[in-house]
2 protein chains.
Amino acid sequence: MSSSLDDVAQLAGVSPATVSRALRGLPSVAVTTRDRVRAAAAELGYVSSPSASSLASGRTATVGVVVPYLDRWYFSTVIAGAEKVLREAGMATLLYNIGDTAGRTRFFAELPLRKRVDAVLVLSLPLTEPETQALTGLDLPVVSVGQVAEGIPMVGIDDYAATRSAIRLLAQLGHRDIAFIGQLDPVPLGFPTPRARLRAYQDAMAEFELGEPMEADGHFTVSGGETAMTTLLTGAKRPTAVFAASDEMAFGALRGLRKTGLRVPEDVSVVGFDGHELTGLVDLTTVAQPVADQGATAARLLLDWLGDGTPPPSKTLLKTRLVLNGSTGPVPAA
Amino acid sequence: MSSSLDDVAQLAGVSPATVSRALRGLPSVAVTTRDRVRAAAAELGYVSSPSASSLASGRTATVGVVVPYLDRWYFSTVIAGAEKVLREAGMATLLYNIGDTAGRTRFFAELPLRKRVDAVLVLSLPLTEPETQALTGLDLPVVSVGQVAEGIPMVGIDDYAATRSAIRLLAQLGHRDIAFIGQLDPVPLGFPTPRARLRAYQDAMAEFELGEPMEADGHFTVSGGETAMTTLLTGAKRPTAVFAASDEMAFGALRGLRKTGLRVPEDVSVVGFDGHELTGLVDLTTVAQPVADQGATAARLLLDWLGDGTPPPSKTLLKTRLVLNGSTGPVPAA
DNA sequence: CTGAAAGCGCTAACAC
DNA sequence: GTGTTAGCGCTTTCAG
C-alpha cells in the first residue's frame with residue numbers, strides 16, 4: 001500500500017538518491033528528471049516518512065511550543081499566530097502545555113522535546129535559572145514571547161512604557177487617586193511582566209505628582225480583579241480611577257464596581273491591559289498589545305535562525321496602543 | 001555528547017536489544033537487569049531518539065489534533081482538555097490549524113499528518129464526504145468532537161435536548177415570543193451543531209405552543225449577535241426573550257439591547273449556549289457544556305482504541321446543564 | 001530471559 | 001547531474 005522512495009525511483013528510472021533530491025527541490029537535479037520523479041511520486045501517492053528523514057538528516061521539521069496555559073485568551077492567540085507562520089513554512093507544531101508544578105518539574109527534567117524538534121518557542125513562561133539552562137542546553141534555537149531570560153532572545157512589548165501611557169491618560173483626565181490592580185507579591189517564579197507594570201505605575205504616580213499609590217492583588221483572574229476592586233473601595237481613600245494590569249482583572253473590577261452600585265466612568269474610570277477580544281463588549285478602555293503578532297514574529301525569528309544560523313537580536317519589541325472606550329472619563333466633580 | 005542505546009548497553013553489560021526492552025518496561029526482562037539498565041541510562045543522560053524508534057516500530061507516540069480555530073475560547077479549551085490527557089499518557093500533541101479555505105484544501109490534499117501520528121483528533125470541523133474519506137483513509141484511529149461524520153466516532157453533547165431545555169426555561173418564565181439567534185443559512189459545510197439547535201428551537205416553539213418563531217442570523221460572532229438582536233427588535237413583533245445558540249452571540253445581543261436602551265431581564269430575557277468563562281461576568285444565563293471534558297474524553301477514547309484496537313462507540317454524549325444567571329426573568333407585565 | 005542479525009526509509013558523502 | 005555506499009538509532013524476529 002504505502003510506497004517507498006525506492007518504488008518511486010524504480011518507476012522514474014532513477015536512483016533513490018535522485019528521488020530524494022528531486023522531491024526536496026534541491027538545485028542539483030535536472031529539471032526533466034525532477035518532473036519525471038514528481039510524476040512518478042504522484043502516481044504512486046508517495047509520502048515520505050518523516051521519521052526516516054529525521055533519522056537520516058537530523059532535522060525534524062518540527063517546532064516545539066511550550067506554554068503555561070492553553071485555554072487563556074492571550075496564550076491561545078499567541079499560539080495561533082505562531083502556528084500559522086510555522087505551518088506556512090512547512091513546519092509542524094508540537095504543543096507542550098507545562099501544566100501544574102508537577103508537570104513543570106517533569107517537563108524540565110525529561111525535556112520531552114529533546115530530539116523531537118528543531119527549535120523551541122517558549123510562551124510567557126517565567127523561567128528559573130536552571131530551567132533556562134535546561135532549555136539553552138538543548139542546543140537548539142529558542143525564542144521566547146513576553147519573557148526575558150539570560151541567553152534566550154525574546155519578543156514582547158514595552159510593558160513599562162505601555163503602563164505609563166495608561167496612567168498618563170488617567171492623569172490627563174484629571175485623576176489623581178489612581179489605584180493599581182495586578183500581581184503584588186514577589187511571585188516565586190518572578191513573572192517579569194507583572195513587575196514591570198507595577199513599577200511603571202509606581203514611577204508614574206510619582207512622576208506625574210499624583211496621589212499615594214493604592215495597590216491590590218488581582219492574581220490576573222477575573223474573580224481576583226473583583227475582589228481587589230472591592231478591597232480598594234473599602235480603603236481609606238477611594239480611587240477615582242483604576243488601572244488593571246490585565247483585561248481579565250479589569251473585567252472583574254467592572255463587575256465589582258457594578259455590584260457596589262458605582263457607575264463607570266462617572267464614578268470610577270477603569271483601564272485594562274491586553275486588548276482582549278471582549279473589551280469592546282464591556283466597553284473597556286485598554287492598552288492593546290499585538291498578541292497574535294508576537295507569536296508570529298517569534299516564529300519568524302525562529303525560522304530565520306534555523307535558516308541562516310544567526311540568532312535574532314536579544315529583544316524585539318512590538319508596539320502597543322491605547323484603545324479608548326467608554327470606561328474612562330474625567331474625574332468626578334465632587 | 002548525546003549517547004546511544006549501544007553506549008547504555010555497553011555500560012550495563014547487556015545487549016542493545018535488552019536495553020531497548022528494559023527501558024520500555026517490557027515484562028520479559030529480569031528486574032535486576034532492568035534496574036541496571038536504568039541506572040546506566042540515567043548515568044549517561046540517555047534519551048531515546050523518537051525518529052529512530054518510530055522508524056523501527058512504526059509508532060510515533062504522537063496524536064494529531066486538527067482544528068478550525070485556535071484562538072476561540074471553545075476550541076482552545078477543548079484542546080487543553082485533550083492535550084492534558086495525551087501528555088499524561090506520554091503522547092505528544094501535534095497541532096494542526098486548518099486555517100482558511102486554501103489551507104483546508106491543502107490540508108486534505110497533502111494530509112501532512114500522514115506517517116507523523118498514531119491517531120487523529122478532529123475538533124468540531126464540519127467535514128465533507130471526501131474529507132471524511134481522506135481521514136478515514138489514513139487508516140488510523142480518528143475521533144471527533146462535536147461533529148458527526150460517517151465512520152468517525154464522536155464525542156459531543158445533545159444539542160437538541162440542551163436547546164430544548166433552554167426554551168422550556170423561558171416558556172416556564174411565561175415567555176411566548178422567544179426569538180432565536182444562530183446560524184440560519186444552510187452552511188455549505190453543514191455544521192450540524194447549529195442546525196440541531198435551530199431545529200430544537202423550532203420544534204420546542206411548536207411543542208410548547210409558543211408564538212411564531214423569530215429567527216436571525218448571528219454567524220456565531222459577538223458582532224453578528226448584536227446585529228441579529230437589532231434586527232429582531234425592529235421586527236413586527238418584539239420578542240420578550242432571546243435564545244442565542246452561542247454565548248458569543250448572546251454577548252452581542254446583550255450589547256445590542258443595552259444600546260437600544262432595553263433592560264435585561266426586565267424588558268428582554270437572554271439565554272446563551274456554551275458556558276463561556278465570561279458568562280459570569282456579564283451575568284448571562286446559559287446552557288453550559290463540558291468543554292475541556294469533551295477534549296479529554298475524546299483523547300481517552302483515542303488512547304483506548306490505540307491500546308486495544310477496538311474502536312469506541314460511534315457516539316459519546318456528555319451532559320449539559322442550565323446555568324441560571326441574571327439575564328433571565330419572568331415575562332414583562334405589559 | 002537475553003543476544004545476534006536484519007532491517008525500518010531516508011539522506012549524505014563520495015565518486016563518476 | 002546522478003549513482004553508490006553507508007549509515008542514522010532504534011525495534012524486532014528468531015535463536016538459544
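Note that the structure is a prediction, hence the values are computed from the model and not measured. Residue numbers begin at 1 in each chain, while the letters A, B, ... track the order of the sequences.
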*asked:* It should be established whether B:Arg36 places a side-chain nitrogen or oxygen under 4.0 Å from OP1 or OP2 of nucleotide C:dT2.
replied: no
*Atom CG of B:Leu5 and atom C1' of D:dT12: how far apart are they, to the nearest Å?*
13 Å
*Can you establish whether the number of heavy atoms outside A:Glu150 located under 6.0 Å from its atom CD is more than 12?*
no
*B:Ser20 side chain near D:dT11 phosphate (N/O to OP1/OP2, under 4.0 Å)*: yes
*Looking only at heavy atoms, which two atoms of A:Leu306 and A:Met91 are closest? And how far apart?*
CD2-CE, 4.3 Å
*Can a donor-acceptor pair under 3.5 Å be found between the side-chain atoms of A:Arg34 and the base atoms of D:dG1?*
no
*Given atom CG of B:Leu23 and atom C1' of C:dT2, what is their separation to the nearest angstrom?*
16 Å
*asked:* Taking any heavy-atom pair under 4.0 Å as a contact, classify B:Ser54: base, sugar-phosphate, or nothing.
replied: nothing
_So, does A:Thr33 get its side chain near the phosphate of D:dT2, meaning an N or O under 4.0 Å from OP1 or OP2?_
yes
*Counting only side-chain N and O atoms of A:Ser15, is one of them less than 4.0 Å from OP1 or OP2 of D:dG3?*
yes
_Can you measure A:Lys115 atom NZ to D:dC8 atom P for me and round it to whole angstrom units?_
13 Å
*Nearest listed nucleotide, side chain of B:Arg59, among D:dT12, C:dT11, C:dA4*: D:dT12
*Considering heavy-atom distances to DNA chain C, does B:Ala17 or A:Asp6 have its closest nucleotide positioned more toward the 5' end?*
B:Ala17
*Would a distance-only check, ignoring hydrogens and angles, find a side-chain to backbone donor-acceptor pair under 3.5 Å from A:Ser314 to A:Pro153?*
no
*May I have the distance from A:Arg116 (atom CZ) to D:dC10 (atom P), rounded to whole angstrom?*
13 Å
*Interatomic distance where CZ belongs to B:Arg21 and C1' belongs to C:dC1 [whole Å]*: 8 Å
*Considering non-hydrogen atoms only, spot the tightest contact between A:Thr60 and B:Arg116 and give its length.*
O-NH2, 3.6 Å
*Expressed in angstrom and rounded to an integer, what is the separation of A:Leu55 atom CG from C:dT11 atom P?*
11 Å
_Residue pair B:Pro141 / B:Asp118: nearest heavy atoms and the distance that separates them_ = CD-O, 3.4 Å
*To the nearest Å, how far apart are A:Arg114 CZ and D:dC10 C1'?*
17 Å
_Need one value for B:Ser48: base, sugar-phosphate or nothing, where a base atom within 4.0 Å counts as base even if backbone is also close, heavy atoms only._
sugar-phosphate
*Does a side chain donor of either B:Asp71 or A:Ser76 reach within less than 3.5 Å of an acceptor in the other side chain?*
no
*Between D:dG9, C:dC10, C:dC1, which nucleotide has the shortest distance from any of its atoms to the side chain of B:Ala30?*
C:dC1
*Within the pair B:Thr18 and C:dG3, is there a side-chain N or O less than 4.0 Å away from OP1 or OP2?*
yes
*Would you mind telling me which of C:dT11, D:dT11, C:dT2 lies closest to the side-chain atoms of B:Ser28?*
C:dT2
*Of B:Gly13 and B:Ala52, whose nearest nucleotide on DNA chain C comes first from the 5' end?*
B:Gly13
_Separation of D:dG1 P from A:Asp35 CG (nearest whole Å)_ = 14 Å
